[in-house]
Amino acid sequence: MLRVTRTKSLCKQCALNGCNKVRGLSEVDKPSLIVIGEAPGAEEDIKGKPFVGPAGGWGKYGLRESGINVNSAHFMNVINCRPPSNDIASLDALDAIEKCRPGFEQELRELHTRGVETIIAWGATAMHALGIEGPIGKNRGSVYEVKVAGKDFIVVPTFHPSYIMRGMKKEEPTWFNDMAKALDIATHGWHPPKENFQLFPSIEWLEKETKRLCSMKKKPQLAVDIETAFGQIVVVGIASSSEDAFSVPFFGKGMISYWKNGDFGRARSCLSRLLSTCPTLFQNAPFDVSWLVRAGFVTLDAIDIRDDILLAHHAIHPELPHNLGYIVSVYGATPYWKDIVVSNPKTLMAMEDADVRTYNLRDAVVLHQVKPPLLDDLHSTGTEHIYRGISMKLVKPVIEMELTGMKLDKKRHKSFAVKVKRELAKTEKKLHSVAGIPKDFSVSSPLHMARLLYGKIPDSLEQKKADIASYDDEGTRKRKDTKKYRELVDYVKTVESIEPLQPTRAAVQKNWKTGGVSTDEMARTSIYLASKTMLREVKALVRPKPFHAEKAKRLERNIRILELIDSFQELNKLSTTYTNFRLGEDGHVHPRFVITGTKTGRLSSREPNWQNLPSADDEDKLGAEVRKLFIPDPGWCFVGADYSNLELRVLSWDSDDKMLQTWFAEGVDVHTRIAMSLTGWPEDKITKTVRKGAKTYKFGRNYGGSVEGIYRRLVVRIPDFPLSLAEFREADRRHFELMPAYAKWQAKTREVTLKTRTCVTASGRKRFFLGTDEEIQREALDTRIQGPAGDVKNIALIKFYEERNRLGLKAKLVSDLHDAIYVTCPKTEKKKVARLLKECMEHEVKWWKKPVIFPVEVAVSDRSWGEMVEYEVK
DNA sequence: GTCGTATGCGCG
DNA sequence: AAAGCGCGCATACGAC
């Protein structure tokens, strides 16, 4: 046992004056590593031992989970005495850090002589005390060689256990990893990566190196990373191992060309040869490769994209962040380097060439570093087939979608924009003039809206008023002729001049997650419906009193305002989101599709998000125009196909629910059947409203919604839904009775999720949940449906890409809408492509040895995306 | 000014 | 006590 008393010489001058009450401690004479925290807490103070309180308990749990023998660690703090109310930032505590320093160093020296050199720093205080600057969030997981008290130590900073204890469970796996890394260093020693970088190649050197790499018998895998600025590739970094890398620069500081005269062409040939001869490795290949293809350095066909670190990490653990800095902090050895460059092109081009290229090559070599441990994890988690069989194969189809894009009908877009803006201005004017809403009222401001709906005064208003008052105080020297002052005054004036709706009878709706008031469409609709009811009641009075007329007037104002606000919201959304698209040189909009964008395996889309454009369902709405703005190239057309009821079919198949399966097999309308099963009514009694209600119910229930929660939303969305809550509960009971397999599937999913805190889909995707018990049950229910549905479509995307290549068709993939795929092709190919798309999408799935096919419906258009018409495939 | 968080809303 | 899931984007707002 080792117990270290720190020098007491400075204790008497220390503000805490505890005379190092809680001394560093290990159970053995020769500990294997050192764990440093901040300061003793209440419990430690009483017992006189470090890490015996709740945070200490969590810390030891973390150590054990990381494979560390708690008894072999030496526990110590930056200071040995408890700061008042545990406040490490207090002046007294800061004083103590200084006064305890000699003792802190003495303790580390003592340990060093015993051969202990590895330190886990729990939290920023310990990290800073060891001379490592910066925030813990960025530096955690990196390995630092530091000199303290004249001795060399290896430090791995990570989160303080109290941070994890306070509920940051999402960081827990990262925390374990960091500490396991420290254990590995304590056991096997620290071998920092070497960097053999060529930053300024001559053309001769580049050609020689290209020849050497490309003529090797076993072609080396090249890690590739690019930097871009002002629409140009500035440098391509290529790493042939975790230590050796070279730059292929094109521009230097200030966008000055790197190559002179004809050497650019020679450099370009080298790059082309490298990229089309050797297998490659990327962090986010869709980004880099689409740049490389557009720059003409390689074709999509020629490049062999063998691995992608981002995709691998996502397949292993979709919940975690996937940026390279994070992945390297867990799997790699290079200390955090991402502060070197900011994404701003101006700043990038102001940097020294050596700095930019070193950063770029570091991005490349670390890919080799982290690849082997990532492949191990893919193997041990059983997610290799997701990575190799789906994610990697999606890379090229996804790049193709981005490169293809869709042509924007400029003329139509212009008139659409004008129309939306005109309607918006009209609505706004009415809000001001007719409904008496102040001009500065912002529909997008929840604070304004809360004042209007509930008369709620924002909490921040008092502070703002106090601020204004402080301008009047003498001595503050605050000038009133400033923009800031005017804004304050205007803000208060606006909020106070909003006359709240009344009477409303609707209860204030709370946001259950944050406790704030709710001002969304549902809350507004509740008030709207209540106002309508009250108005009817007032109007129905046989002998109304004079104040009733006043009341009716106020209610009419409510109704008017809420109607106008809804149409304003709708138009505002259209105006801000869809009247300004960024176009490529080809006049196309080029959205990106992100393979790692979701936790379930769906794709996500961005810049712009192609997956949430208003659908063309409601012809009367202006939103229906948006998809019509996108047109095929001259002589080309669109072919699209969507799975019918994909998620519900996945559920019926995965749960083996005979009822649903029968309905699907018979080809009847399932939502009508569900409505019949809920109500017990015959088919002719199922109105559109009831069917809509049944659909809402089924979707909500599938994803873990409660009967009450679903009903609460349902009555607002479908005001004339005929069932009472009691009847709805009864319907729910009946529904589950009718579908015992579905009920069992849900129960089993919940049970397994709670027990394992993981979820495996039929398609073999895994999630390792980090949320609360309640959250993760709902997430698991959703993932088991959404995941396989996404993968059915992912596989179709891959199949189409491959088959199209095999057949040599001109058709190109355009878009992915979760349950639909859109393609563009010459009109002459329409028939072939329609058939091919249907065939590829209706592939047989054999997961869990239960073969199944999910049927699709095909549609085509020569005109626009918004005018697709059904197409019979022969 | 820039950033992160909250809120709301479009889609499946 | 109650809470449907998965996204991206626009705006507001407070902190730096």
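Letters A, B, ... are given to chains in the order of the sequence lines, protein chains preceding strands, and every chain is numbered from 1.
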Novice: Between A:D669 and A:R691, is the closest basic N to carboxylate O distance under 4.0 Å?
Specialist: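 Salt bridge flag = yes for A:D669 with A:R691.
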
Novice: Check the distance between C:dC13's P and A:M449's CE and give it to me in whole angstrom.
Specialist: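 Going from A:M449 (CE) to C:dC13 (P), I get 12 Å.
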
Novice: How many whole angstroms separate atom CG of A:L562 from atom P of B:dG8?
Specialist: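 Taking atom P of B:dG8 as the reference, CG of A:L562 is at 14 Å.
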
Novice: I need the NZ-C1' distance between A:K695 and C:dC5, as an integer number of Å.
Specialist: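 Interatomic distance, NZ of A:K695 to C1' of C:dC5: 17 Å.
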
Novice: Rounded to whole angstrom units, what separation is found between the CG atom of A:L648 and the C1' atom of C:dC5?
Specialist: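 From A:L648 CG to C:dC5 C1': 15 Å.
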
Novice: Output yes when A:E867 and A:K628 qualify as a salt bridge under the 4.0 Å nitrogen-oxygen rule, no when they do not.
Specialist: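 Answer for the salt bridge query: no.
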
Novice: Is it true that A:E730 and A:R733 make a salt bridge, defined as a side-chain N closer than 4.0 Å to a carboxylate O?
Specialist: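 Salt bridge between A:E730 and A:R733, a charged N being under 4.0 Å from a carboxylate O: yes.
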
Novice: Return the orientation label for the A:Y697 and A:H735 ring planes: parallel under 30°, perpendicular over 60°, tilted otherwise.
Specialist: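 The rings of A:Y697 and A:H735 stand perpendicular, inter-plane angle above 60°.
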
Novice: Give me the distances for all protein-to-nucleotides 10-12 of chain B N/O pairs that come in under 3.5 Å?
Specialist:
residue: B:dG10; atom: N2; partner: A:N612; partner atom: ND2; Å: 2.9
residue: B:dG10; atom: N3; partner: A:N612; partner atom: ND2; Å: 2.8
residue: B:dC11; atom: OP1; partner: A:S615; partner atom: N; Å: 3.4
residue: B:dG12; atom: O3'; partner: A:L817; partner atom: O; Å: 3.4
residue: B:dG12; atom: O3'; partner: A:D819; partner atom: OD1; Å: 3.0
residue: B:dG12; atom: O3'; partner: A:D819; partner atom: OD2; Å: 3.3
residue: B:dG12; atom: N2; partner: A:R602; partner atom: NH1; Å: 3.4
residue: B:dG12; atom: N2; partner: A:R602; partner atom: NH2; Å: 3.4
residue: B:dG12; atom: N2; partner: A:Q786; partner atom: NE2; Å: 3.2
residue: B:dG12; atom: N3; partner: A:R602; partner atom: NH1; Å: 3.2
residue: B:dG12; atom: N3; partner: A:R602; partner atom: NH2; Å: 3.1

Novice: Would you please confirm or rule out a distance under 4.0 Å between OP1 or OP2 of C:dA2 and any side-chain N or O of A:S706?
Specialist: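 For C:dA2, neither OP1 nor OP2 has a side-chain N or O of A:S706 closer than 4.0 Å.
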
Novice: Which part of the nucleic acid, if any, lies within reach of A:R784 when heavy atoms closer than 4.0 Å are counted: base, sugar-phosphate only, or nothing?
Specialist: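 Since no nucleic acid heavy atom lies under 4.0 Å of A:R784, the category is nothing.
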
Novice: Students often get this wrong, so: under 4.0 angstrom with heavy atoms, is A:T783 touching a base, only sugar-phosphate, or nothing?
Specialist: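 Answer is nothing: A:T783 stays at 4.0 Å or more from every strand.
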
Novice: Please classify the nucleic acid contact of A:R524 as base, sugar-phosphate, or nothing, using heavy-atom distances under 4.0 Å.
Specialist: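 The residue A:R524 makes sugar-phosphate contact but no base contact.
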
Novice: Is the shortest side-chain N to carboxylate O distance from A:R140 to A:E171 below 4.0 Å?
Specialist: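 Salt bridge flag = no for A:E171 with A:R140.
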
Novice: Closer than 4.0 angstrom, basic N to acidic O: yes or no for A:R701 and A:D732?
Specialist: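 A salt bridge links A:R701 with A:D732.
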
Novice: Nearest whole Å is fine: how far is C:dC7 P from A:I785 CD1?
Specialist: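 Checked: the CD1 to P distance equals 15 Å.
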
Novice: Could you spell out the base pairing of DNA chain C in dot-bracket, with Watson-Crick or G-U pairs whose two distances are under 3.5 Å, [ ] crossing and | to another strand?
Specialist: ....||||||||||||

Novice: Just the rounded figure in Å: distance from C1' of C:dA10 to CG of A:L571.
Specialist: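 So the CG-C1' distance, A:L571 to C:dA10, works out to 15 Å.
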
Novice: In whole angstroms, how far is the C1' atom of B:dT7 from the OH atom of A:Y454?
Specialist: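 After rounding, the reported distance stands at 13 Å.
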
Novice: Return the set of residues passing side chain to side chain donor-acceptor pair (under 3.5 Å) with A:H322 (not counting sequence neighbours), or none when no residue passes.
Specialist: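 Once residues adjacent in sequence are excluded, the partners of A:H322 under the side chain to side chain donor-acceptor pair (under 3.5 Å) criterion are A:H313.
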
Novice: I'd like to know whether the aromatic ring centres of A:F638 and A:W865 sit less than 6.0 Å apart in this structure.
Specialist: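 So the answer is no for these two rings.
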
Novice: Tell me which nucleotide among C:dG6, C:dA3, B:dC9 gets nearest to the side chain of A:T598.
Specialist: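 The closest nucleotide is C:dG6.
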
Novice: Hey, is the side chain of A:S444 poking within less than 4.0 Å of OP1 or OP2 on C:dA10, counting only N and O atoms?
Specialist: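 Result: no.
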
Novice: Can we call the ring centroids of A:F736 and A:Y742 under 6.0 Å apart?
Specialist: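 Between A:F736 and A:Y742, the centre distance is under 6.0 Å.
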
Novice: Where the side chain of A:T519 is defined as all heavy atoms beyond and including C-beta, which of C:dA3, B:dC9, B:dT7 is the nearest nucleotide?
Specialist: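 In terms of side-chain proximity for A:T519, the closest of C:dA3, B:dC9, B:dT7 is B:dT7.
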
Novice: Rounded to whole angstrom units, what separation is found between the CG atom of A:L574 and the P atom of C:dA10?
Specialist: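 The distance from CG of A:L574 to P of C:dA10 comes to 13 Å, rounded to the nearest Å.
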
Novice: Under a 3.5 Å distance rule, please check whether A:D657 uses its side chain to pair with a backbone N or O of A:L660 as donor and acceptor.
Specialist: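 It does hold such a pair.
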
